[in-house]
Amino acid sequence: MEYLIGIQGPDFVLVAADNVAASSIIQMKHDYDKMFKLSEKILLLCVGEAGDTVQFAEYIQKNVQLYKMRNGYELSPAAAANFTRKNLADYLRSRTPYHVNLLLAGYDEADGPGLYYMDYLSALAKAPFAAHGYGAFLTLRFILNLPSFTVRLIDKDGIHDMERLPLASK
Amino acid sequence: MNHGTTTLAFKFQHGVIIAVFDSRASACNYISTKEFNKVIEINPYLLGTMSGSAADCQYWEILLAKECRLRNNQRISVSDASKLPSNMMLGYRGMGLSIGSMICGWDKKGPGLYYVDENGTRLSGRMFSTGSGNGYAYGVVDSGYREDITVEEAYELVCCGIAHATHRDSYSGGVVNLYHMREDGWIKVCKEDVSELLHRYKKGMF
């Protein structure tokens with residue numbers, strides 16, 4: 001299944017997501033990027049129901065960018081996380097709830113690195129490390145059959161792509 | 001999972017795309033049309049395939065064709081042409097639409113292939129197959145695909161994939177409609193009956 005993980009360090013947040021886009025038993029894409037760049041120093045990682053993930057994440061992404069255009073400065077990671085939670089909560093009891101699980105990772109000039117865990121019921125928690133998916137139960141020791149992961153690091157200089165992790169082939 | 005058809009498209013060596021589909025339209029156990037055209041020719045550089053509910057696909061893709069008319073004094077890009085139905089689907093979430101479509105085209109960025117479905121999923125990729133016969137088609141094409149495949153070999157491979165899928169999938173059948181998307185637009189390569197193809201590919205099996 002889909003997998004997200006985030007770890008907060010003293011002055012950075014490291015996040016990784018698997019690269020599979022699946023439709024029931026068929027793997028439609030094996031190089032799919034599940035991270036959405038909300039701003040220069042904020043990433044939103046999104047998994048869940050097909051369609052909902054991209055639509056909800058892009059909606060948040062565009063609104064965060066709109067805030068910057070209107071006000072001249074960016075939303076902080078904490079503000080972006082709470083904004084996301086509010087939207088998810090508002091849709092939860094509507095006719096069309098979004099079934100998405102999120103990790104929001106960001107670096108704030110004043111507060112430093114932050115990692116926020118959010119689930120489809122719009123529970124929000126700031127945590128030093130977090131994960132979504134079956135892998136979350138095995139965060140210390142993984143046995144996953146996901147072939148590759150996209151890894152990114154956020155620190156005071158912004159978002160950096162790390163080398164994509166392939167699992168060693170047998 | 002969509003039902004009632006098999007469609008297949010992939011990008012290959014020279015960056016061009018081939019889209020193939022079968023033509024059976026079924027209403028439960030009854031075949032309502034043997035020669036239904038499951039592709040919409042949006043413009044000379046854009047094609048959309050249909051699988052799932054025939055009515056939904058036709059309606060929404062013709063609506064898409066209308067939206068794809070000249071915007072900003074230039075032809076619409078494949079990325080935009082696939083984002084439009086994806087966003088339209090968002091508005092109808094949970095209402096039971098059933099559409100599995102591939103938008104193929106050639107624009108300024110080169111060849112483009114997107115898979116769009118009724119959940120609002122939109123994926124860009126090198127190869128997709130949709131419909132109830134998609135698993136069979138994936139299997140055949142995945143094993144026969146090479147990076148340096150020639151045009152004739154690609155036509156054969158794609159017909160082989162569709163023929164095997166329609167052989168095993170009761171909801172697919174009829175004729176294979178083969179289109180080839182090139183830099184100067186699409187061409188309709190041929191229209192072959194599936195039973196003829198099966199005789200070619202499965203000699204000795206029956």
Side-chain angles (χ1 to χ4, degrees), chain A residues 1-2 17-37 44-63 65-66 84 87-102 120 122 146-148 150 164 169, chain B residues 1-3 6-11 51-52 60 79-80 82-103 113-142 145 161 165 169:
Chain A
M1 276 287 317
E2 302 188 289
D18 74 282
N19 288 330
V20 170
S23 168
S24 75
I25 56 167
I26 306 244
Q27 200 186 87
M28 299 205 76
K29 262 179 90 86
H30 48 261
D31 56 357
Y32 185 61
D33 190 354
K34 299 182 186 182
M35 302 192 193
F36 295 84
K37 185 174 156 182
L44 181 67
L45 284 73
C46 193
V47 292
E49 203 172 300
D52 285 1
T53 51
V54 175
Q55 299 286 6
F56 182 75
E58 285 190 351
Y59 174 73
I60 300 296
Q61 188 184 46
K62 302 312 170 199
N63 272 290
Q65 287 166 357
L66 181 62
T84 308
N87 268 288
L88 207 49
D90 287 342
Y91 276 107
L92 184 62
R93 290 193 166 87
S94 72
R95 276 190 322 107
T96 56
Y98 284 97
H99 198 294
V100 290
N101 292 313
L102 311 164
Y120 70 98
S122 72
L146 296 168
S148 73
T150 303
R164 189 176 266 187
S169 44
Chain B
M1 181 66 99
N2 291 306
H3 42 265
T6 310
T7 76
L8 170 61
F10 61 82
K11 293 190 201 177
S51 67
W60 289 101
S79 173
D80 284 355
S82 60
K83 194 70 177 163
L84 285 168
S86 173
N87 289 336
M88 288 180 207
M89 293 302 108
L90 175 65
Y92 289 84
R93 267 171 74 221
M95 294 192 194
L97 288 181
S98 171
I99 297 169
S101 167
M102 293 183 296
I103 309 291
L113 175 60
Y114 286 84
Y115 165 77
V116 176
D117 78 9
E118 74 277 354
N119 308 116
T121 302
R122 173 178 163 265
L123 299 171
S124 165
R126 290 194 67 83
M127 184 189 122
F128 291 111
S129 175
T130 69
S132 51
N134 72 349
Y136 310 110
Y138 271 126
V140 172
V141 178
D142 277 340
Y145 180 80
D169 178 35

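Naming: A, B, ... by sequence-line order, numbering from 1 per chain.
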* Side chain / backbone / both / neither for A/D31 at chain B, heavy atoms under 4.5 Å -> neither
* Counting heavy atoms not belonging to B/Y92, are there more than 12 under 6.0 Å from its OH? -> no
* To do: Counting only heavy atoms closer than 4.5 Å, note whether A/A21 contacts chain B via side chain, backbone, both or neither.
  => side chain
* Structure fact -> Value for OH (A/Y98) from CG (B/L90), rounded to nearest 0.5 Å, stands at 4.5 Å
* **Residues, nucleotides or ligands: over 12 heavy atoms within 6.0 Å of A/Y120 OH** => no
* To do: Check whether any side-chain N or O of A/Q55 sits under 3.5 Å from a backbone N or O of B/S86 as a donor-acceptor pair, and report yes or no.
  => yes
* Asked: Say you draw a straight line from CE of A/M28 to CE of B/M127; how long is it, rounded to the nearest 0.5 Å?
  -> 8.5 Å
* **salt bridge (charged side-chain N to carboxylate O under 4.0 Å, His left out) between A/E58 and B/R122, worked out** => CA-CA 12 Å; A/E58 285 190 351; B/R122 173 178 163 265; 5.3 Å; no
* **chain A interface, residue from B/S129, B/G125, B/S124 that has the most non-hydrogen pairs under 4.5 Å** => B/S124
* Structure fact -> A/Y59 meets the ring pair (Phe, Tyr, Trp, His ring centres under 6.0 Å) criterion, sequence neighbours left out, with none
* Working for side chain to side chain contact (heavy atoms under 4.5 Å, CB included), residues B/R93 and A/E49 -> CA-CA 12 Å; B/R93 267 171 74 221; A/E49 203 172 300; 5.8 Å; no
* **Closest non-hydrogen atom pair, A/G51 against B/T121** => N-OG1, 3.3 Å
* Asked: Quick one: CG on B/N119 to NE2 on A/H99, what's the gap to the nearest 0.5 Å?
  -> 13.0 Å
